[in-house]
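Have a look at the structure below, then the notes.
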Amino acid sequence: MTDTLFTPIKIANMELPNRMVMAPMTRNRAPEGLATALMVEYYTQRANVGLIITEGAQISTQAVGYPATPGIYSDEQVANWRAVTDAIHAQGSFVFVQLWHCGRISHPDFHDGELPVAPSAIEPAGQAFTYEGLKDFVTPRALSVDEIPAIVEQYRHAAEQAVLAGFDGVEIHAANGYLLDQFLRDGSNHRTDNYGGSMENRTRLLLEVTTAVCQQIGAEKVGIRLSPINAFNDMADSDAQALFNHVATALAGFGLAYLHLVEVSMTGEPAADINMQDIRAHFGGCYIANGGYDKSRGDAAIAAKEAELIAYGVPLLANPDLLERFKQNAPLNVPDQATFYGGDEHGYTDYPTL
Ligand code: PHB
């Protein structure tokens with residue numbers, strides 16, 4: 001029989017009830033960096049998909065880049081996340097937390113006036129969302145080589161905290177123009193030390209982070225997200241296919257839970273011509289595809305074995321019962337962009353079910 005989105009699958013140690021994944025989405029409803037009861041409700045409503053990947057959670061104070069995003073480093077943050085993970089597990093779903101360091105996609109307002117950090121002192125085009133509204137990005141401070149071990153340690157510690165919070169694993173966010181992606185791509189990494197220049201050097205920090213996190217919690221609890229063609233956050237690379245094939249090859253030996261690719265560019269500009277299946281083949285393990293999938297494309301990708309899992313973002317944001325709607329071929333709610341970031345239950349937990 002042909003597999004569909006509704007076919008169960010075993011990934012790492014998880015018996016997922018279906019092939020649908022909730023893609024990580026920043027929602028800016030965690031004041032003081034703490035998960036709230038409203039967040040518990042939001043995730044519980046969507047805990048019918050097999051695996052939830054939470055919104056990005058900063059791994060340290062230095063990692064912050066947006067208002068009201070949750071953290072996953074302090075014991076208080078762990079205690080609040082525990083209510084989320086317990087509620088998701090009670091519905092029979094699994095949950096990974098996304099480990100996030102924004103790097104240069106931040107603002108001094110979040111750092112007591114200090115500069116955000118990045119591989120190189122290159123100002124991204126665009127503006128930061130601060131508590132006082134949009135402000136131009138600033139030129140970040142290039143991390144010294146001596147500071148890198150402390151960044152790796154922040155990821156390791158966050159992974160340790162994530163397991164204490166009840167998460168089934170962590171997703172290392174190396175996509176969408178944040179710190180690890182800033183190191184990977186040569187538009188944002190002009191370093192001349194062991195962390196810049198060659199593809200091997202630009203991949204070094206990601207591999208050090210992956211090694212530390214896998215040693216801490218076990219590779220089967222670790223997934224990685226990359227966005228090979230995403231120009232969002234002013235990202236560019238001179239040879240993305242070669243770079244991400246290289247990254248996928250380097251990740252292949254860890255025994256990770258999955259590789260998760262954002263297959264589209266979020267800027268609306270025509271995306272570079274990159275072969276995602278080629279990157280996937282270099283990795284060789286479980287593949288989560290994300291970006292622009294509806295039911296028929298998702299089913300087709302699963303049936304053709306082009307992906308093990310399909311991650312849905314905005315459609316699941318607007319349809320907590322997306323799985324049931326797909327089963328019934330029912331119409332979908334229309335997402336309200338105005339309530340994506342910040343605010344209260346409106347556009348968050350009040351989307352109607354069938
Ligand atoms: C966003 O806030 O728009 C955002 C955050 C994290 C991402 C992508 C987009 O990875």
Side-chain angles (χ1 to χ4, degrees), residues 1-25 43-54 85 87-96 167-169 171 218-226 228 248 251-252 254-264 274-333 351-354:
M1 236 185 68
T2 311
D3 289 338
T4 73
L5 286 169
F6 314 122
T7 311
I9 187 171
K10 183 161 195 262
I11 299 295
N13 299 324
M14 303 178 291
E15 302 274 358
L16 304 183
N18 56 65
R19 308 297 189 93
M20 290 172 64
V21 174
M22 181 172 179
M25 284 176 285
Y43 282 113
T44 304
Q45 289 175 345
R46 290 158 182 78
N48 42 60
V49 297
L51 174 65
I52 288 176
I53 303 164
T54 71
T85 63
I88 291 170
H89 290 146
Q91 303 291 313
S93 183
F94 293 82
V95 57
F96 276 37
F167 287 104
D168 299 293
E171 175 172 282
E220 74 287 353
K221 290 192 167 70
V222 182
I224 302 219
R225 194 175 207 222
L226 304 169
L251 294 174
F254 283 91
L256 299 173
Y258 64 78
L259 178 68
H260 182 185
L261 296 187
V262 182
E263 296 183 338
V264 295
I274 296 283
N275 185 336
M276 299 293 164
Q277 289 295 319
D278 198 15
I279 298 170
R280 176 201 184 200
H282 282 83
F283 176 67
C286 172
Y287 177 53
I288 307 181
N290 168 248
Y293 283 84
D294 58 10
K295 181 193 168 177
S296 65
R297 259 195 81 208
D299 267 339
I302 298 288
K305 303 200 184 301
E306 288 167 4
E308 280 69 41
L309 302 168
I310 308 292
Y312 292 91
V314 168
L316 189 59
L317 176 158
N319 297 273
D321 57 347
L322 187 67
L323 178 96
E324 190 56 34
R325 287 174 191 254
F326 278 0
K327 278 188 179 163
Q328 298 186 24
N329 289 313
L332 303 184
N333 297 324
Y351 281 104
T353 55
L354 284 175

Salt bridge (Lys or Arg N to Asp or Glu O under 4.0 Å) contacts touching residues 322-332 (sequence neighbours left out):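 Salt bridge (Lys or Arg N to Asp or Glu O under 4.0 Å) check on residues 322-332 returns Asp321-Arg325.
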Listed by chain and number, what are the side chain to side chain contact (heavy atoms under 4.5 Å, CB included) partners of Ala23, not counting sequence neighbours?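 Expected list: Arg225, Asn290, Ala311.
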Taking the side chain as every heavy atom from C-beta outward, state whether [X] and [Y] have any pair of such atoms under 4.5 Å apart.
X: Leu5; Y: Thr7; answer: no
X: Met20; Y: Ile310; answer: no
X: Leu354; Y: Gln328; answer: yes
X: Leu51; Y: Met22; answer: no

Sole residue of Val21, Leu316, Leu309 in side chain to side chain contact (heavy atoms under 4.5 Å, CB included) with Val49: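 It is Leu316; the other options fail the test.
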Partners of [X] by side-chain hydrogen bond (donor to acceptor under 3.5 Å, both in side chains), sequence neighbours excluded?
X: Asn48; value: none
X: Lys295; value: Asn329
X: Asn275; value: none

N-O pairing of Asp168 and Lys221 below 4.0 Å: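 Answer for the salt bridge query: no.
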Once ring-ring contact (aromatic ring centres under 6.0 Å, His included) is applied, what residue pairs with a partner in residues 306-329 remain, sequence neighbours excluded?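 For residues 306-329: Tyr312-Phe326.
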Which ring-ring contact (aromatic ring centres under 6.0 Å, His included) pairs, counting each pair once, include a residue from residues 288-307, with sequence neighbours left out?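 For residues 288-307, and leaving out neighbouring residues, there are no ring-ring contact (aromatic ring centres under 6.0 Å, His included) pairs at all.
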[X]: what forms a ring-ring contact (aromatic ring centres under 6.0 Å, His included) with it, not counting sequence neighbours?
X: Tyr43; result: none
X: Phe94; result: none
X: Tyr351; result: none

Rounded to the nearest 0.5 Å, what separation is found between the CD1 atom of Ile52 and the CD1 atom of Ile88?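 One finds 4.0 Å between CD1 of Ile52 and CD1 of Ile88.
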So, do Phe96 and Tyr258 have ring centers that fall under 6.0 Å from each other?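 Yes, ring centres under 6.0 Å apart.
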Under 3.5 Å, sequence neighbours excluded: what are the donor-acceptor pairs made by side chains of residues 9-17?
none

In chain order, what residues pass the salt bridge (charged side-chain N to carboxylate O under 4.0 Å, His left out) check against Glu220, with sequence neighbours excluded?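 Checked Glu220 against salt bridge (charged side-chain N to carboxylate O under 4.0 Å, His left out); zero matches.
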